[in-house]
Amino acid sequence: MKANILFLLLFISCSSILFPQKKVSTRQIDWASFLSRHDLVWDKIVPDYYTGAIMGNGLLGNNVYKEGDAYKFHIGRVDVTEGRMPVDKSQYRNLYHGARLPIGYFLMKPAGKTLSEHMRLNLWDATTIGTMTTDMGRIAFKSYVHATRDVIVLETETEGSECDFEWEWRPLKAISPRYTAGGEDYPQEYIDNPNPDVKIYRDGNYNLSVQNLLSGKTYCVAWCEIRKQGNSRRFLITVAQEANEESAVKKAKVTIGDASEETVLSLEDSHRQWWHSYYPLSFATFSNAKMESFYWIQQYKLGCLTRPDKYVIDLQGPWAMEKTPWPAIWMNLNVQLTYSPLFTANRAELSEPLWSSLNDNLQNLIDNVTVDGWKADAAVIGRSTSYHLFSPLNPDIDNKMLYEAGNLTWILYYYYQYCTYLQDEDELLDKFYPLLKKSIAYYEHIREKRSDGKYHLPETASPEYKTAKNCNYDLSLLQWGLKVLLEINETYKLDDKKAPGWKDFRDNLTPYPVDPAKGFMIGENVNLTGSHRHYSHLLMIYPLYLVNWEQPENRGLISRSISYWQSMPDYLQGYSFTGSSSMYAMTGDGQKAVVQLQRLLDRYIQPNTLYKETGPVIETPLAGAASLQELYLQSWGGKIRVFPAVPDSWPQASFINFRTEGAFLVSAARDKGETVFIQVESERGGLCRLQTNMDADNLNIEDTGGKRIAFSVIDKAQGLIEINTRKGDVIRITDRTRETIMPEPVKHPEKEWNIYGIKAKPE
C-alpha cells in the first residue's frame, strides 16, 4: 500500500514533466452551452420596462416588453441630450440643460388576441427570440442590436392572419425626463421655447422621424421594411445624430442602406463574432446558480452599455425612459460602482470612455473650480453632469449638501486601477498623475490648520446623508490620494517639488472621526443616527482598504462600523448590500458576504436584472458583480489573494483570467473547499506576491513545460509566496498531495437554470 501511495505522489509530481500541460484558457469552456443556462426566459411578457429583453451596442439600445396587447420595442441612443447651455453658466442645471432625452418606441401590434407567448434572450448570441400565438395566427421574431453597426434588426415569420401585423412608430417628446417625472425648477427658457415637434415622413424606401433640437443638433430615427418570400418581414432601424437635419437624415439612410445590402446570415454572423470574442476574456462559475446567472447577465449588460470608443455610462444606459428623475451621470457613487467590475473581469478597455472624458474635458474640470485663484492647479466635479463633465462646485453654495469635494478623487481611484491592472506606465504618468495632483490640490486650497497642529477640512457633504467638518468621505479619499501621489513620485523618481508638501499634509492630517461604540462617524461631531444607504463614511474600509482586516488593531473598529451601519435595514438600499458584501469579503467572511448579496437579489434586482430607485439606476447590479469577484480574488496593497472569502457552502469554485494589479492574469480552481490549482500569467513581468491559502510545504510551482520555478515563502500559514516573473511567464501552482482539478463550470440542476425573465405560474 505504501509503495502504491509513493508511486502515486511521484507520478503526480512528475506528470507535468512527462506530459507538459497547455496554459489554462477560457477557450476550454463550451460557452454556448454554459451561457444558455443563464439566458433570460419569459413565458409571459408584461408592460414593464424592468422586465424587458434589453439589448445594446454601447450607443443604441432596445428594450422589448409589452404595451397593451402589442410588443413594445423601446429604443434609445446614449448621446441624445438636450445640450442647450444657458448664457449665464452659473444657472446651468445638468438634469435639464444636459439631460438625456427619450426618443420613442415601435409597436408590433397583432391582429388577434394573444393566447400564448414565449421570449428568450440568448446571451451567447446577444439576440432575443420570441413567439406570440394569437387567435388569428402566429408571430415569431428575432431581434438584436448589431454589435458593430448602428442598426437594430428585427426579423419576423408569421402564420395566418398575423402576416400583416401592424408596425407603428411612436416618437416621444424631446424634453427632460426629469421634468416629465414631475421635477421642479424647469428652466423658463425651455417652457417659452420648447424643442420643435418631430417631423415624420417617407423618403423612398426609408421612413424618417426627424427631431431638430434648439441646441443645434438633429437626431433622426430611420427604418425600412423588407418584405421577403412567404410571410417573412425584416425591419432595419437606426438613430443618427448630426449637426443638422440634412446630415442626420443622410447618415441614417446610409446606415440603413449599408445594412440592407448584407444578407440576413452575414449581418447576424458579424454581430455574433463580436460577442463570441467578448465573453471569453474571463470566466467564473459559482456554486449558487442564481448568483452565477446574475453575474453573467451583468457581463452581458456591460457589453451592451459601452465600448472603448463610446460614451461614459449614465444611469439609464442605452435603455432610455420617458420619465425618470435621473437623466444624467452621477459622480458621487454611481459612476464609480458602474465601472468597478471591469478590471478584475479583464474588460478594462470598456472603461476607456471615462478616462478619455476626464482628459478631453480637463478644462471643464478646472472650470468646475469656482474660486478663480484655485484654477491654476486644481480640478473638481459636482454631483451630476452630462458628457462634458461641467458641474461646478461652489464652496459658498447655500445648499451645503451639494458640496461634495471628493467625487473626482473617488473616480480617480478606478482610473488608478485601470493603469495598475494593465501596468500602463505611460497612462499613469502622463495622464492619471497630473489629474490626481489637481484633485488633491483642491483639498490643499480648502484645508485649514488648527491649534492642534493638524490639517482639518471645512464643512463638506457626506453624500446622501449630512454635512460635517472633517467628513470621513473626504478624509479617506484625501489620504488615499496623498498616498498614491507619494508612491508614484518615489517609484518613478519624479522628484516632484510638491512631494514634501504632500508628505506634510498626509502626516499631519487629522484622524478619522470615530465613535467608540458605533465606529466611523460621518464627520466631526456628526454621528450616523438614521437613514444612510450610502457608505460614503466607510470608504477607508472599502474600496480604498486604508483600514483593513490585515491590520489586527483595526478589526474591532471595522466590525463595529459595518454592524452599526447595517443595523438599520429599513434605511438601506440595494448598493448598501453590495458595499457591505465587499466589506465582509475583505474580512474573509464569505458567508456573510453571500447573505448580503442574496438580500440584494431577492429584494431589489428586477426580472431583467435592472435596478430602480424611482427611475432606472444602472450601478447597483454591476457593483454586485464586483462583490462576487471579490469572493474569488482580491488585489490590493501589493498582494493577490486567491479565494479569500469563498463560503464553506460553496465546495467548488473556478475562475479563469481574472486580472490583478501588476498586469497578472490569474486562474484558479477549488475542490471540496480547498484550493487545488492556480495559474498566473505575467503580462509585464515583475514581482508577484500571491496568497494561495495552500500548504506551502506541498507547493509544486512550475511553468507549463514542467520546469520548476523558484519562489519564496513569506507566510507559511497563509501560503503567501513571492515569485519573480518575466514578461510572458505562465506559472502553475498545485499541491503535490492532491489531485489537480482544472477550472470548469459548476454543475447545476436544470430546475436552477434560466432564473431571470418571467415564468408563468402554473394554473
Side-chain angles (χ1 to χ4, degrees), residues 29 31 34-42 50-56 120-124 126 278-279 282-305 317 319 337-342 344-345 347 573-582 584-585 590-613 616-633 645-647 649-650 652-655 658 745-759:
I29 304 300
W31 283 98
F34 173 71
L35 287 176
S36 69
R37 65 193 193 189
H38 305 309
D39 291 348
L40 294 87
V41 174
W42 293 260
Y50 300 96
T51 68
I54 49 177
M55 296 163 280
R120 185 182 189 111
L121 174 50
N122 180 311
L123 295 178
W124 178 233
Y278 166 79
Y279 284 113
S282 64
F283 167 78
T285 182
F286 302 90
S287 287
N288 183 302
K290 185 174 185 178
M291 291 186 184
E292 185 173 279
S293 287
F294 170 79
Y295 180 82
W296 280 104
I297 295 169
Q298 304 325 298
Q299 301 308 305
Y300 163 76
K301 282 161 64 179
L302 285 165
C304 294
L305 286 166
W319 308 298
L337 268 59
T338 295
Y339 285 88
S340 63
L342 287 173
T344 299
R347 306 186 197 281
Q573 193 50 269
Y575 51 76
S576 311
F577 295 100
T578 67
S580 56
S581 176
S582 293
Y584 286 131
Q591 191 57 44
K592 281 187 178 179
V594 167
V595 166
Q596 297 300 85
L597 286 174
Q598 195 64 55
R599 288 172 177 164
L600 168 74
L601 301 189
D602 293 345
R603 299 182 190 180
Y604 299 98
I605 299 303
Q606 303 300 305
N608 59 9
T609 81
L610 291 179
Y611 172 80
K612 61 180 176 179
E613 291 179 19
V617 278
I618 205 75
E619 80 293 318
T620 295
L622 301 175
S627 298
L628 281 166
Q629 292 167 352
E630 288 155 2
L631 302 175
Y632 279 12
L633 191 71
V646 180
S649 56
W650 291 10
Q652 277 77 43
S654 295
F655 64 89
F658 271 11
V746 173
K747 294 180 175 60
H748 299 296
E750 286 191 35
K751 65 180 181 180
E752 297 180 357
W753 295 6
N754 309 117
I755 290 172
Y756 288 97
I758 298 179
K759 311 304 180 292

Does Q629 reach the main-chain N or O of P341 with its side chain, forming a donor-acceptor pair under 3.5 Å? yes
How long is the straight-line distance from OG1 of T578 back to OH of Y604, given to the nearest 0.5 Å? 11.0 Å
Are W296 and F283 close enough that some pair of their side-chain heavy atoms sits under 4.5 Å apart? yes
The test is side chain to side chain contact (heavy atoms under 4.5 Å, CB included); show your working for I755 and V41 and say whether it passes. CA-CA 8 Å; I755 290 172; V41 174; over 6 Å; no
Given side chains that start at C-beta, do those of L631 and W650 come closer than 4.5 Å, heavy atoms only? yes
Using the rule side chain to side chain contact (heavy atoms under 4.5 Å, CB included), only one of L600, V595, D602 pairs with Q598; which is it? D602
If you compare all heavy atoms of W319 against all heavy atoms of M55, which two are closest, and at what distance to 0.1 Å? NE1-O, 2.8 Å
Looking at side-chain heavy atoms only, is the closest gap between C304 and I54 below 4.5 Å? no
What is the distance from atom OH of Y300 to atom OH of Y279, rounded to the nearest 0.5 Å? 6.5 Å
With a sphere of 6.0 Å drawn around NZ of K301, does it hold more than 12 non-hydrogen atoms of other residues, nucleotides or ligands? yes
Looking only at heavy atoms, which two atoms of T51 and W42 are closest? And how far apart? O-NE1, 2.6 Å
Atom CG of L121 and atom OH of Y756: how far apart are they, to the nearest 0.5 Å? 14.0 Å
Find out whether L123 and Q299 are in side-chain contact, i.e. whether some heavy atom of one side chain is under 4.5 Å from a heavy atom of the other. no
Steps toward side chain to side chain donor-acceptor pair (under 3.5 Å) verdict (Q573, Y575): CA-CA 6 Å; Q573 193 50 269; Y575 51 76; over 6 Å; no
Determine whether L622 and L305 make a side-chain contact, defined as any pair of heavy atoms from C-beta on separated by less than 4.5 Å. yes
If I take atom CG from residue L40 and atom CD1 from residue I297, how far apart are they, to the nearest 0.5 angstrom? 4.0 Å
Please examine the side chains of Q652 and T285, heavy atoms only from C-beta on, and report whether any two atoms are closer than 4.5 Å. no
pair P621-F294: side-chain heavy atoms closer than 4.5 Å: yes
Is the shortest heavy-atom distance from the side chain of Y278 to the side chain of R347 under 4.5 Å? yes
When rounded to the nearest 0.5 angstrom, what is the spacing between OG in S293 and CD in Q298? 10.5 Å
Test side chain to side chain donor-acceptor pair (under 3.5 Å) applied to Q596 and S576, S581, S582, S580, the passing residue: S580
Minimum heavy-atom distance Y611-G574, with the two atoms named: OH-N, 3.0 Å
Shortest non-hydrogen pair, A585 vs A645, comes out as O-CB, 3.5 Å
How many angstroms lie between atom CH2 of W124 and atom CG of D39, to the nearest 0.5 angstrom? 12.0 Å
What are the two closest heavy atoms between F286 and Y295, and how far apart are they? CE1-CG, 3.8 Å
Looking at every heavy atom in both P745 and F34, which two are closest together, and how far apart are they? CB-CD1, 3.8 Å
